[in-house]
Each structure stands twice: as C-alpha cells, then as structure tokens.
Q: 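This structure is in structure tokens; I'll ask about it shortly.
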Amino acid sequence: MNQKHVVVIGSGFAGLSAATHLATSKSCRVTILEKNSTPGGRARKFEHQGFVFDMGPSWYWMPDVFEDYFRKFGKKPSDYYDLVRLDPSYAVVYGKDRILDIPANLDEFKSMLDQLEPGAGKQLDKFLAQAKYKYEVGIHDLVEKPSRSLFEFTSPGLLVDMIRMDIFQSMAKHVRKFFKSEEIIRLMEFPVLFLGETAENIPALYSLMNYADIALGTWYPKKGMHEIIKGMVDLAEEKGVEIRYNAEVEEIEIENGIAKRVRLVSGEKIDADVVVAGADYHHVDKHLLNPKYSNYSEEYWDKRVMAPSSLLFYLGIDKKLKNLRHHNLFFDEPLGPHADAIYKNPRWPEKPLFYASVPSVTDPTVAPEGKENMFLLIPLAPDLEDGEEMREKYFNIIMDRLEEITGQEIRSHIIYKRSYAHSDFKSDYHAFKGNAYGLANTLTQTAILKPSLKNKNVKNLYYTGQLTVPGPGVPPSLISGGVVAREVMKENNL
Ligand SMILES: Cc1cc2nc3c(=O)[nH]c(=O)nc-3n(C[C@H](O)[C@H](O)[C@H](O)COP(=O)(O)OP(=O)(O)OC[C@H]3O[C@@H](n4cnc5c(N)ncnc54)[C@H](O)[C@@H]3O)c2cc1C
C-alpha cells in the first residue's frame with residue numbers, strides 16, 4: 001500500500017503522542033526525529049551511580065488524562081507503570097515552624113482549612129463545585145479544540161459554559177471571593193503557577209487546576225516520571241512508529257508552499273508528506289524554515305509572555321533527610337517580589353521561592369540504599385545570564401534556608417551535584433529564551449490567541465507541544481499531540 005510518510009520532529013510528550021495517534025492510520029507511516037540521544041525531551045532522565053534523576057516534570061496530576069491517552073490505544077497506564085497516590089500530597093513551608101502537610105483526604109483537608117479560617121471548609125465545597133464543572137468542560141471539551149477558528153467556540157451551549165467558567169476574571173480575584181486567610185489564598189493560587197503566570201494574570205477558568213490538585217490528587221509513577229515516557233515509547237513502537245535519536249533537523253525544505261523533506265544536521269535528507277513539529281515552536285518557525293514561510297515575526301515572538309525558565313539542581317545525598325516530603329513548596333518568602341523578578345522587571349530574584357522534590361522518600365529505586373535523591377527548582381525569568389557563579393550563589397541562598405528550616409546539614413552530605421538552567425534548556429531543546437515550561441496561559445494567550453497548530457504558509461506543516469494549544473504541562477502536551485494528529489488526518493485523508 002502506498003503509505004504517506006509523516007515526519008514528527010521531537011520525542012517529547014507532544015511528539016510521541018502525535019506520532020502514536022497518527023500511527024493508528026493504515027495510510028501513513030510515522031518517523032520521529034529526535035535531536036538528543038534519549039526520548040522524552042524536557043522529561044528525560046539521567047542516572048549517576050545509583051541515583052536516577054527525572055530531569056523535568058515531577059508532579060503527576062490529572063490521572064484521567066493519562067488514562068484517556070492509553071485507552072485510545074486499548075491500553076491502561078498500569079500496562080506500563082505503577083502509580084501511587086501521595087499522602088500527604090505535598091508540604092507547604094511558610095516558615096521554620098510553619099510547615100503544612102496537605103492531606104490527600106478531602107475531609108482532612110477541609111478540617112485543615114477550617115483551622116486556618118473558620119468556615120473555610122464549607123467555602124471549599126462551593127469553590128470545588130465550580131472548579132469541577134470547569135475541569136469537566138475544560139479538560140474534556142475546550143482543550144480538545146484545535147483553536148483554529150473562533151467558530152469552534154460559538155455554539156450557544158459553549159458560550160454559556162465559557163461565561164460560567166469566569167474566563168474574564170482573574171484567578172486572584174476569584175480565590176479571594178471564597179477565602180480570606182493569606183495561607184489559604186497562597187495554597188489555592190499555587191497550582192496556576194504551573195501555567196506560567198501569577199494568579200493576577202491567569203483566568204479564573206483555571207481553578208480547574210485546584211480540582212485536579214485537591215479532588216483528583218497528586219500521584220507518582222514508581223521508578224519516576226520517566227516511566228511514562230518509557231511506556232509511551234513502547235506503545236509508539238508497538239504501533240509501528242520509528243524513532244531515530246541523534247537526528248537533529250536543521251531545515252524543513254519547502255517547494256511551492258509544500259514541505260517536501262527535512263534535512264538533518266548530518267546532511268541526510270528524509271522525504272516527508274506531512275511534517276509535525278513537536279520541537280519548540282519558535283525554533284521551528286524561525287530556524288528550521290526559510291523566513292518567508294514563518295508563521296510569525298520575531299516581533300510577535302518577542303511580545304509573547306513566556307512561562308518561566310528555571311535553575312535546577314540534581315543532588316545525590318549520602319544520608320536520609322528529615323522533615324522533607326516527596327514534594328515541598330518553600331513559600332517562606334513573599335511571592336510578589338519574586339513574581340516581579342520573573343514577569344515585570346526580569347532579573348535574578350532577591351529572595352527566591354523554590355521547590356524541593358525528594359522522590360526517594362516514596363521510591364527506594366531512585367537512590368542507593370540509605371541515600372536521598374533531591375531535585376531543587378527556582379523559577380526564573382527567561383533569558384537571564386546563568387553563569388556558574390550565579391548558579392552557585394543561588395544554590396547557597398536556598399541551601400541556607402533549606403538547612404535552617406529542616407534543621408539539618410545537607411551541603412556537607414552532597415556526593416553528586418549537577419546544575420541546569422537557561423543555557424542548558426537552549427542547547428538541549430532549542431528553547432526560546434531558555435524557557436522551561438513554554439508559553440504562559442494568560443487570557444491573551446489562550447485558545448485561538450495561541451500560536452496556531454498549523455502553518456499558514458506551508459500546506460502540510462503542523463505544530464504541537466507546549467507553545468501551542470492547549471498549553472504547558474504534561475497533560476496538555478499529551479492532549480496537544482492528539483489534537484494535531486486529528487487535524488493532520490482530517491486534512492490529509494489519512
Ligand atoms: C524543570 C521542569 C519541571 C516541570 N514540571 C512539570 C510537572 O511537574 N508537571 C507537569 O505536568 N509539567 C511539568 N513541566 C512541563 C512539562 O515537562 C512540559 O510541558 C512538557 O514536557 C513539554 O513537552 P513537549 O513535547 O511540548 O516539549 P519537549 O519535551 O521539549 O520536547 C521537544 C523535543 O524536541 C526535540 N528537538 C528540539 N529541536 C529539535 C530539532 N531541531 N530536531 C529534532 N528534535 C528536536 C527536543 O530535544 C525535545 O526532545 C516541567 C518542565 C520542566 C522543564
């Protein structure tokens with residue numbers, strides 16, 4: 001049979017998802033071309049003397065999205081990895097003597113809120129009822145839309161839904177309608193940080209993230225987040241997808257508005273009937289195409305609000321640590337000045353908030369016996385200079401606080417240390433401005449206002465991943481691959 005050849009650029013969640021969906025069509029064969037030597041993009045892993053580090057995502061939220069993904073191919077997540085629900089879901093550190101364990105159980109969580117603010121448990125019921133509705137419409141309907149035309153959003157039912165979902169109100173205002181306690185407000189505003197902006201600039205639609213957090217829970221795939229990628233790669237290959245590593249695309253060659261082939265850095269040329277770009281959108285648009293075929297100008301890209309970049313540390317510790325959970329959010333300094341340093345006046349923050357993940361608390365396979373695997377993350381403005389001296393300065397700033405708050409020496413027990421920041425995101429993933437999480441989900445960068453999943457100048461070139469619809473994060477990237485695959489199939493009779 002004369003199959004069409006679909007070339008997918010990049011083996012992140014979005015590229016793998018797009019390729020696997022496309023491979024279900026008998027009329028095409030699919031090849032993924034990946035620049036790096038291992039799959040997963042920002043969700044790669046690396047190992048060092050018994051420590052297994054997830055390089056990027058560590059929070060497994062929205063388990064239903066993963067179930068839906070595997071179900072489409074007659075599978076379940078448990079065919080590939082074992083999930084455990086974390087309890088406590090995570091810890092929030094407000095100060096040395098103020099560490100809140102967030103219980104997985106809803107009634108216990110409500111009791112905790114009542115202690116912070118009398119009546120807040122009841123308020124949570126009302127808040128969550130709305131958030132559930134938003135989650136159901138948002139995750140099961142809105143995010144599945146290719147967002148190529150306003151008409152997709154004009155059915156009367158959907159318009160009513162969108163008004164009910166508060167897309168024009170900020171998350172910050174929405175939360176304050178329900179709660180007064182500053183600690184509760186910070187807790188409720190934390191999940192939208194995943195969307196790359198502060199609660200002031202994120203539509204209240206995204207209280208759906210609180211439903212994901214509180215009602216659906218925080219999960220962990222045993223052996224680490226990379227197990228999801230491993231499962232997706234197995235599934236893709238089972239469906240016939242060919243994955244080529246160390247295969248960096250240097251140019252998409254276009255003839256008369258049609259992508260004909262891709263040229264690799266090695267000089268090899270690979271014919272294509274359709275190209276789906278899962279690499280960072282800006283890189284594809286501005287570096288892999290002749291400028292006359294770009295979807296957007298440099299000026300357009302410069303005006304986008306990028307989600308933050310990050311300074312990361314992967315640490316191997318030669319002892320077991322105390323007073324730390326699997327996920328720990330250090331909110332012991334105010335968010336305002338740090339947010340200002342990310343979004344308004346880009347600079348290194350004076351007093352950074354940070355996140356510490358210690359997966360070996362849950363999973364003995366990610367560190368040698370008696371040792372601890374630790375991952376530290378400071379969110380930062382994109383495009384900062386990230387030299388060794390600066391990285392070290394910030395390492396010491398957060399280590400001072402970490403040691404003081406948890407009451408133990410950590411630095412002197414570090415037997416492995418690797419840092420990772422903007423310049424690494426650029427060299428490893430061609431990340432625009434060294435972004436970590438793609439494009440922020442602000443109101444003016446939502447749905448049809450996001451970079452389009454279709455190139456308007458090249459008939460058979462599509463985009464997927466965290467810089468296009470529906471947005472940043474693992475579940476949206478999985479969904480993005482499915483959405484683009486459906487568009488490709490429809491428009492190319494596959
Ligand atoms: C530190 C960090 C923490 C995060 N934490 C979470 C979390 O806890 N939970 C969550 O849900 N999300 C989290 N995220 C976000 C999530 O990881 C991303 O949204 C998601 O992985 C993006 O997937 P993607 O497929 O769009 O892009 P990528 O993973 O970047 O995949 C793109 C791929 O394209 C390849 N590529 C680039 N250029 C070329 C080229 N020219 N030729 C061939 N290949 C190329 C890259 O090597 C890469 O493999 C985190 C991200 C980071 C960085």
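Sequential numbering from 1 along the given sequence is applied to the chain's residues. Both backbone and side-chain heavy atoms feed into the values below; hydrogens, waters and symmetry mates do not. Indexing begins at 1, ligand by ligand and atom by atom, following the structure's order.
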Q: Ligand 1 and K35, any nitrogen or oxygen pair closer than 3.5 angstrom?
A: yes
Q: Give the numbers and elements of all ligand 1 atoms closer than 4.0 Å to a heavy atom of L33.
A: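 Matching atoms, with element in brackets: 43 (C), 44 (N).
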Q: Could an N or O of ligand 1 be found under 3.5 Å from any N or O of E248, whether backbone or side chain?
A: no
Q: In the protein, what heavy atom is nearest to atom 12 (N) of ligand 1, and what distance, to one decimal place, separates them?
A: V474 N, 3.4 Å
Q: Please confirm whether Y420 comes under 4.0 Å of ligand 1, counting heavy atoms of the residue only.
A: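 Judged by the 4.0 Å heavy-atom criterion, Y420 does not count as contacting ligand 1.
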Q: Name the closest protein heavy atom to atom 26 (O) of ligand 1, giving the residue it belongs to and the distance to 0.1 Å.
A: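 Looking at atom 26 (O) of ligand 1, the protein heavy atom closest to it is Q466 N, 3.0 Å.
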Q: Taking the six-membered ring for Trp, are Y416 and F53 closer than 6.0 Å centroid to centroid?
A: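 Judged by ring-centre distance (under 6.0 Å), Y416 and F53 do meet the cut-off.
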Q: Using a strict cut-off of 4.0 Å, indicate which atoms of ligand 1 neighbour a heavy atom of G465.
A: 26 (O)
Q: Ligand 1 and R42, any nitrogen or oxygen pair closer than 3.5 angstrom?
A: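 Such a contact does occur with ligand 1.
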Q: Does G438 come within less than 4.0 Å of ligand 1, judged by its heavy atoms?
A: no
Q: Quick one: closest heavy-atom pair of V52 and N373, and the distance?
A: O-ND2, 2.7 Å
Q: Around atom 9 (N) of ligand 1, find the nearest protein heavy atom and jot down its residue, atom name and distance.
A: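 Residue, atom and distance for the closest contact: W59 O, 3.2 Å.
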Q: Any nitrogen or oxygen of L288 lying under 3.5 Å from a nitrogen or oxygen in ligand 1? Just yes or no.
A: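 No, there is no polar N/O contact under 3.5 Å.
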Q: Are Y90 and H327 near enough that their ring centres are under 6.0 Å apart?
A: no
Q: Whether the N36 and Y429 side chains hold a donor-acceptor pair (N or O, under 3.5 Å, no angle test) is what I'd like checked.
A: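 Y429 and N36 do not have a side-chain donor-acceptor pair below 3.5 Å.
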Q: By number and element, which atoms of ligand 1 are closer than 4.0 Å to a non-hydrogen atom of G473?
A: 11 (O), 12 (N), 15 (C), 19 (O)
Q: Among all the protein's non-hydrogen atoms, which is closest to atom 35 (C) of ligand 1, and how far away is it?
A: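 Nearest protein contact, heavy atoms only, for atom 35 (C) of ligand 1 is E34 OE1, 3.5 Å.
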Q: Quick one: look up the protein heavy atom nearest atom 37 (C) of ligand 1 and list residue, atom name and how far away it is.
A: A279 CB, 3.3 Å
Q: Please tell me whether Y355 and W59 form a close aromatic pair, meaning their ring centres lie under 6.0 Å apart.
A: yes
Q: With the threshold set at under 4.0 angstrom, would you say P475 reaches ligand 1 through any of its heavy atoms?
A: yes
Q: Would M55 count as being in polar contact with ligand 1, using the rule that some N or O on each side must be under 3.5 angstrom apart?
A: no
Q: Can you find an N or O of L377 that's nearer than 3.5 Å to an N or O of ligand 1?
A: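 Such a contact does not occur with ligand 1.
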Q: Ring centres of H282 and H430 under 6.0 Å apart?
A: no
Q: When the ring centroid of Y69 is compared with that of H21, is the distance short of 6.0 Å?
A: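 So the answer is yes for these two rings.
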Q: Heavy atom of S310 under 4.0 Å from ligand 1?
A: no
Q: Against heavy atoms of I9, which atoms of ligand 1 measure under 4.0 Å?
A: 40 (C), 42 (N), 43 (C), 44 (N)
Q: Quick check on contacts: which atoms of ligand 1 are under 4.0 angstrom from a heavy atom of D428?
A: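 What qualifies from ligand 1 is 47 (O).
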Q: For Y60, which part has a heavy atom under 4.0 Å from ligand 1: side chain, backbone, both, or neither?
A: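 No part of Y60 comes within reach of ligand 1.
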Q: Could you tell me if R418 sits above the aromatic ring of F46, with its cationic atom closer than 6.0 Å to the ring centre and no more than 45 degrees from the axis?
A: yes
Q: Answer yes or no: does an N/O atom from V249 fall short of 3.5 Å to an N/O atom of ligand 1?
A: yes
Q: Should you measure from each heavy atom of L312, which atoms of ligand 1 turn up under 4.0 Å away?
A: 1 (C)
Q: Students often mix this up, so state it plainly: with edges at 30° and 60°, are the rings of F331 and Y94 parallel, tilted or perpendicular?
A: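 Geometry flag for Y94 against F331: tilted rings.
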Q: Please write down residue, atom name and distance for the protein heavy atom closest to atom 5 (N) of ligand 1.
A: P57 CA, 3.2 Å
Q: Would W301 and Y281 count as a close aromatic pair, with their ring centres under 6.0 Å?
A: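 Yes.
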Q: Would you kindly say whether T365 and K222 are connected by a side-chain donor-acceptor distance under 3.5 Å?
A: no
Q: Which option, P476, A277, G56, owns the non-hydrogen atom nearest atom 1 (C) of ligand 1?
A: G56
Q: Give a yes or no answer on whether the side chain of R304 reaches the backbone of Y300 with a donor-acceptor pair at less than 3.5 Å.
A: yes
Q: Do K454 and Y462 form a cation-pi contact, if we require the NZ or CZ to be under 6.0 Å from the six-membered ring centre and within 45 degrees of the ring's axis?
A: yes
Q: Do Y80 and F70 have ring centroids that are under 6.0 Å from one another?
A: yes
Q: With heavy atoms of A247 as the reference, note each atom of ligand 1 found under 4.0 Å away.
A: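 Under 4.0 Å from A247, ligand 1 has these atoms: 43 (C).
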Q: Do any nitrogen or oxygen atoms of Y437 come within less than 3.5 Å of a nitrogen or oxygen of ligand 1?
A: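 No; the residue has no nitrogen or oxygen that sits under 3.5 Å from a nitrogen or oxygen of the ligand.
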Q: Identify whether NZ of Lys or CZ of Arg in K417 sits under 6.0 Å from the centre of the six-membered ring of F395 and within 45° of that ring's axis.
A: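 Flagged: K417 positioned over aromatic ring of F395.
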Q: So does G438 get a backbone contact from the side chain of N435, meaning a donor-acceptor N/O pair under 3.5 Å?
A: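 A pair under 3.5 Å: yes.
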Q: When you measure from the side chain of N492 to the backbone of M489, do you find a donor-acceptor pair of N or O atoms at a distance under 3.5 Å?
A: no
Q: Check ligand 1 against Y429 and write out every atom of the ligand that is under 4.0 Å from a heavy-atom position of the residue.
A: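 Numbered from 1, ligand 1 contributes 37 (C), 46 (C), 47 (O).
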Q: Quick one: look up the protein heavy atom nearest atom 32 (C) of ligand 1 and list residue, atom name and how far away it is.
A: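 Its nearest protein heavy-atom neighbour is G278 O, 3.3 Å.
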Q: For ligand 1, does R44 get within less than 4.0 Å through its side chain, its backbone, both, or neither, judged by non-hydrogen atoms?
A: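 None of R44 does.
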Q: Does NZ belonging to K230 count more than 12 external heavy atoms closer than 6.0 Å?
A: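 No, not enclosed.
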Q: Please report which non-hydrogen protein atom sits nearest to atom 38 (N) of ligand 1, along with the residue it belongs to and the distance in Å to one decimal place.
A: H430 CD2, 3.2 Å
Q: Give a yes/no verdict on whether any heavy atom in A431 is under 4.0 Å from an atom of ligand 1.
A: no
